[in-house]
**Q** 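This is the structure I have questions about; it appears just below.
Chain letters run A, B, ... following the sequence lines, proteins first and then strands; every chain starts at 1.
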2 protein chains.
Amino acid sequence: MTLADDKIAKLTAALRNAGVRVTRQRIALLSVLRDAKDHPDAEELLKRTKLIEPAVSLATVYRTLSLLEAAGVVHRHSFEGGSARFETATKKHHDHIVDLDSGEVIEFNSDKIEQLQNEIAAQLGFDVIHHRMELYCRKRR
Amino acid sequence: MTLADDKIAKLTAALRNAGVRVTRQRIALLSVLRDAKDHPDAEELLKRTKLIEPAVSLATVYRTLSLLEAAGVVHRHSFEGGSARFETATKKHHDHIVDLDSGEVIEFNSDKIEQLQNEIAAQLGFDVIHHRMELYCRKRR
DNA sequence: TTTACACTTGCGAATAATTCTCATAATGAA
DNA sequence: TTCATTATGAGAATTATTCGCAAGTGTAAA
Ligand SMILES: [Mn+2]
Ligand SMILES: [Mn+2]
Ligand SMILES: [Zn+2]
Ligand SMILES: [Zn+2]
């Protein structure tokens, strides 16, 4: 059992503990999400999951993603133009640059910006629950 | 002819000059957009436009909004959850806070954040073409 | 291990926002 | 006014996502 498998084991135990059933489909999707180094959409996740567990449907992928999102395990990003993209919530908070030419998604984070966002909201009497910051860019040349 | 009407006259002249026909529907929608103090969606814009010019359809509202967006006259915002919302591009650049409880949209802007966004992108070899920054908030109490 | 039952799944239908098709109507340059 | 060109309305089509339901499966108790 590798470290990665162990992570999934812990995760599924936690889910089971929360009254969520650990099915073949869910385990397969979790491992796909764990291995993903990009920001795949539901169709792409279905394709990858089918390689591990052929008995999965798109509806189940969506349902499971919503479940994991509600559990705080995955994040959903609705970038301009296409369908929603997903990633595990394991890394620390970050925002995204979208390359308008290639479609590539690059991650970045700025504590300064995050702090300014909170200050601005506070000044207006708000607490920031979550936010969206996406920079649509082109390679400088 | 009021100042506001004059603005529309200039705008329509510019459009006509660009080979775009100035129809009753377009004039009506433009005046609705000019008067809007909020961030209405297409359905709401249709409702308001019908008061001025009953012969408008939702398809035309969408078509005209896309036209105006391409011309840089209106901005489209796809906030979480609902349909796209629109506003004229007359004010200076700003971003939005969305009150999660009331749905209210509040505007703000931060030159500091804008500058940081550009610096971060530049450091990664990108130029920011446009961006999205939305703070989903709750009233502090 | 078997059982019981609540939870999940796959399938296809339903939904919602937006775009498209195409026959008809309106605009504006001449 | 004329007339080629462009815009419109109505509803069908599209796309991403969710839903309903019958059938299958995971879990924990027996
Ligand atoms: Mn990411
Ligand atoms: Mn605004
Ligand atoms: Zn952030
Ligand atoms: Zn901004």
**Q** Return the value, rounded to whole Å, for the distance between atom CG of Leu29(A) and atom P of dT9(C).
**A**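 In whole Å, dT9(C) P lies 10 Å from Leu29(A) CG.
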**Q** Is a donor from one side chain sitting under 3.5 angstrom from an acceptor on the other, for Gln115(B) and Glu119(B)?
**A**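 Looking only at side-chain atoms, Glu119(B) and Gln115(B) do form a donor-acceptor pair, the distance falling under 3.5 Å.
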**Q** Looking only at side chains, do Ser78(A) and Arg85(A) share a donor and an acceptor under 3.5 Å apart?
**A**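 Side chains of Ser78(A) and Arg85(A): no pair found under 3.5 Å.
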**Q** Regarding Arg26(B) and Thr60(B), is there a side-chain donor-to-acceptor distance under 3.5 Å anywhere?
**A**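 No, Thr60(B) and Arg26(B) have no side-chain donor paired with an acceptor closer than 3.5 Å.
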**Q** To check you understand the geometry: which heavy-atom pair defines the closest contact between Arg34(B) and Thr88(B), and what is its length?
**A**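 Heavy-atom minimum between the residues: N-CG2, 4.1 Å.
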**Q** Could you list the residues that satisfy salt bridge (Lys or Arg N to Asp or Glu O under 4.0 Å) with Glu107(B), not counting sequence neighbours?
**A**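 Residues passing salt bridge (Lys or Arg N to Asp or Glu O under 4.0 Å) with Glu107(B): Lys91(B).
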**Q** Which residues pass the side-chain contact (heavy atoms from CB on, under 4.5 Å) test with Lys47(A), sequence neighbours left out?
**A**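 Only Glu44(A) meet the side-chain contact (heavy atoms from CB on, under 4.5 Å) criterion with Lys47(A).
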**Q** For DNA chain D, determine which residues of residues 79-89 of chain A have any heavy atom closer than 4.0 angstrom to one of its atoms, and list them numerically.
**A**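 Output list: Ser83(A), Ala84(A).
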**Q** Take atom CG of Leu46(A) and atom C1' of dT18(D), then tell me their distance rounded to the nearest Å.
**A**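 Rounded to the whole Å, the gap is 16 Å.
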**Q** Within the 4.0 Å limit for protein heavy atoms, which parts of nucleotides 25-30 of chain D are touched? Write it as a string from 5' to 3', B for base, S for sugar-phosphate only, - for none.
**A** BBS---
**Q** Taking the nucleotide of DNA chain C with the nearest heavy atom to each, does Ala42(B) or Gly19(A) sit closer to the 5' end?
**A**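 Taking each residue's closest nucleotide, the earlier one in sequence belongs to Gly19(A).
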**Q** With sequence neighbours left out, which residue pairs that include part of residues 113-141 of chain A fulfil the ring pair (Phe, Tyr, Trp, His ring centres under 6.0 Å) condition?
**A**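 Passing the test, one end in residues 113-141 of chain A: His93(A)-His131(A), His130(A)-Tyr136(B), Tyr136(A)-His130(B).
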**Q** Nearest heavy-atom pair of Ala121(A) and Ile97(B): which atoms, and what distance?
**A**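 Scanning both residues, the minimum pair turns out to be CA-CD1, 4.2 Å.
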**Q** Ignoring hydrogens and angles, state whether a donor on the side chain of Glu87(A) or His75(A) is under 3.5 Å from an acceptor on the partner side chain.
**A**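 Absent: no donor and acceptor within the cut-off.
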**Q** By a strict heavy-atom criterion of less than 4.0 Å, which residues belonging to residues 53-70 of chain B are in contact with DNA chain D?
**A**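 Contacts with DNA chain D under 4.0 Å: Ala55(B), Val56(B), Ser57(B), Ala59(B), Thr60(B), Arg63(B).
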**Q** If you take all heavy atoms of Val22(B) and Thr12(B), which pair is closest and at what distance?
**A**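 Reported closest heavy-atom pair: CG2-O, 3.4 Å.
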